[in-house]
Amino acid sequence: MAAIEVRDLVMTYGDLRAVDEVSLDVGEGEFVGVVGPNGAGKTTLLEMIEGLRKPDSGSARVLGEPVWPRNPRLLPRIGVQLQASSFFERLTAREQIRTFAALYGVPAGHADEWLSRVGLDEKADARVEDLSGGQAQRLSIACALVHDPEVLFLDEPTAALDPQARRNLWDLLSGLNESGRTVVLTTHYMDEAEALCDRVAIMDAGRILQFDTPTALVRGLDAPVRIVVAPGQLGRDEVARLPHVLDAEESEDGTVLTTREPGAVIGHLAEHDLLDGVQLRTGTLEDVFLAVTGRDYRA
Amino acid sequence: MSASTSERLGARTTAFVALSRAILNGFLRDRSSVFFSVIFPLMFLVLFGGVFSNQGQSRVDMIQVGDVALLETMDAETREDFEATFEVTESDDLDAALEEVRAGDADVAIVMDDGVLVAHYTLTDQTKAATTAGALRAFVDGANVGALAEESGADPPFAVRFSSVEDESLEVIQFVTPGLLGWAVAMSAAFGAAATLQGWRQSKLLRRLQLAPVSTRTVVAARIVVTVGIALVQMAIFVGLGVVAFGLELSGAWWMAVPLLVVGTLCFMSLGLLAGAVTKTQEGAVNAANFLVLPMAFLSGSFFPLDGAPGWLQAISLAMPLRHLNDGMIDVMVRGEGPASALLPMGILALFAVVVTLISARLFRWDST
């Protein structure tokens with residue numbers, strides 16, 4: 001059984017179709033990312049799946065249960081982290097998570113355990129207003145997990161974090177679907193979706209354009225591979241003699257060769273002992289985005 | 001009760017207690033909330049109760065130049081009355097005395113001029129000037145009547161005696177405590193509701209709670225219980241301080257102020273909800289609540305009695321819930337009226353609360369955008 005079944009969800013704001021006939025199935029234990037630029041409709045889609053918003057049309061079921069109208073049987077089985085840090089004002093981190101625990105009938109001791117698991121032991125007595133962005137996100141995620149939900153929704157958990165804090169959070173996020181929990185996360189970072197998710201839905205202008213594993217998405221691109229040879233190693237004549245090279249240009253990094261037969265080109269470079277410092281650049285999800293929308297990806 | 005019902009009840013209680021504690025801590029740790037709902041109104045109580053309560057006894061400064069027969073011939077009782085009105089200092093220098101009156105250091109200088117009492121006074125303070133003139137004339141007339149009566153041996157045909165209908169202990173503090181308490185409760189209830197609604201909406205905590213297995217009823221009940229609790233603590237502090245420090249005396253049915261205050265709290269929470277519903281930021285919500293409550297406090301007699309206000313102003317004030325809260329509290333706390341006198345104000349406040357809550361519910365939005 002699919003953990004999440006979404007059928008033809010539509011949400012319109014005035015003339016804008018924020019979510020435009022989206023269908024999506026997420027299997028149990030899967031880690032799925034919805035990725036796209038700001039304004040693509042990710043949050044609206046997520047909020048409809050969580051049961052916060054009534055769709056104009058279409059339906060969403062989570063764990064076999066309809067999510068709308070507010071379904072009290074479902075609520076204890078799902079965990080949510082919303083886009084803002086939804087905290088009670090002026091409580092400490094420990095009071096915060098214990099309050100959420102109490103709402104789900106979870107004992108305080110279990111809440112404290114979650115505080116340790118997200119690495120906030122030292123900050124337990126700090127008020128939420130005094131936490132750094134990364135710490136606040138950790139607490140927010142811990143609050144979403146305190147009742148061990150079967151399905152977890154995370155809306156842009158790494159937005160507004162500096163790159164270091166973002167990487168640190170990945171370590172926490174990547175283990176969340178162990179033990180069979182289903183996780184759905186939205187992000188506008190392609191690399192994040194690629195690093196964390198089993199499957200990625202690429203969303204733009206209210207539609208899901210592609211939905212597959214990152215590897216399959218990139219492979220499906222059938223994009224040429226770029227091989228970068230260290231600067232000054234390849235003369236113009238040598239480049240001209242290389243087989244299967246579609247294009248070659250000089251850049252700061254060296255000579256960039258574009259090819260659809262990377263094996264043959266690398267073999268050739270090896271023969272001439274030119275492999276020192278060679279870099280292979282395959283396509284990324286950003287290339288996929290470019291391919292399906294015709295636009296450069298800008299988060 | 002079946003096992004599952006009691007379990008559900010237990011879970012609801014746990015959630016209710018946790019929410020109430022979270023809200024209470026949020027309030028107690030917000031210094032400006034505590035200041036504006038407790039300390040600030042208390043400052044007014046100290047000001048009115050401690051400083052202005054002696055205003056009624058402020059005497060007229062009088063300089064007596066040379067011998068004044070009127071004063072010398074007074075019997076002890078009249079002299080006491082006279083000194084309750086005038087504070088007399090003696091002097092021999094008329095010019096210096098006049099200069100003092102002119103400078104405002106004294107209110108009146110009296111001197112005898114050939115059997116006539118001449119009072120030199122200033123018109124700068126017209127009320128005091130009128131009081132001075134009237135009181136002096138009364139004492140002179142009294143002395144004349146006394147002298148004539150002694151001559152003829154007959155009692156004067158008319159006499160007058162003054163008696164206050166209120167308890168003799170009625171002082172400024174009696175009126176000020178219920179009014180200021182009403183204002184304090186109105187302020188903290190309205191601000192609390194407005195700030196909570198706005199703050200929770202902005203942080204999406206409202207949405208987050210919507211997705212937790214806790215009913216709206218439980219959330220609202222927790223907020224109400226905390227606010228009502230704060231109101232009762234405010235009452236305890238105000239009444240306690242009034243009684244201990246300023247000689248406040250509560251009349252028989254004062255305990256009716258408790259249910260009255262509870263209904264009043266609900267009423268002002270509803271106004272806070274309205275302020276929270278129509279504004280977009282937390283600051284805006286608090287300002288809107290302030291905009292509603294502060295003028296209302298002036299117009300509802302929280303700071304000064306409305307007895308002297310023109311009729312149209314009194315009519316406007318009757319449309320204000322705070323006026324009814326104040327009236328009801330004064331009736332049962334200090335005027336000595338029976339418990340039933342609080343019922344009408346409670347009804348009006350309750351009606352107000354229901355209507356404003358319905359309006360707020362119509363305007364309610366889950367999200368700030």
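Just so we're on the same page: letters track the sequence lines, and every chain starts at 1.
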Exercise. Where does B:Leu206 contact chain A at under 4.5 Å (heavy atoms): side chain, backbone, both or neither?
Worked result: neither

For this session: Give, as side chain, backbone, both or neither, the part of B:Trp200 having an atom under 4.5 angstrom from any heavy atom of chain A.
Result: side chain

Measure [X] against the heavy atoms of chain B and call it side chain, backbone, both or neither at under 4.5 Å.
X: A:Glu47; result: side chain
X: A:Phe100; result: side chain
X: A:Thr92; result: both
X: A:Glu95; result: side chain
X: A:Ser85; result: backbone
X: A:Arg127; result: side chain
X: A:Leu103; result: both

Problem set entry | Electrostatic pair A:Arg207-A:Glu21, nearest N-O below 4.0 angstrom | no

Exercise. Going by an N to O cut-off under 4.0 Å, is there a salt bridge joining A:Asp130 and A:Lys123?
Worked result: no

Exercise. Is the number of heavy atoms from other residues, nucleotides or ligands under 6.0 Å of A:Arg90 CZ greater than 12?
Worked result: yes

Exercise. Any idea which of B:Ala18, B:Ala15, B:Ala212 has the most non-hydrogen atom pairs under 4.5 angstrom with chain A?
Worked result: B:Ala212

Exercise. So, B:Thr357 and B:Ser360: side-chain donor and acceptor under 3.5 Å apart, yes or no?
Worked result: no

For this session: Quickly, which of A:Leu185, A:Val19, A:Thr186 forms a side-chain contact (heavy atoms from CB on, under 4.5 Å) with A:Lys42? Name it, please.
Result: A:Thr186

Exercise. Do you know which of B:Arg207, B:Gln202, B:Arg201 makes side chain to side chain donor-acceptor pair (under 3.5 Å) with B:Asp367?
Worked result: B:Arg207

Exercise. Would A:Arg199 count as a cation-pi partner of A:Phe31, with NZ or CZ less than 6.0 Å from the six-membered ring centre and within 45° of the ring normal?
Worked result: no

Exercise. Do you know which of B:Phe40, B:Phe298, B:Phe36 makes ring pair (Phe, Tyr, Trp, His ring centres under 6.0 Å) with B:Trp183?
Worked result: B:Phe40

Problem set entry | Options A:Gln81, A:Arg98, A:Glu89, ranked by heavy-atom pairs under 4.5 Å with chain B, top entry | A:Glu89

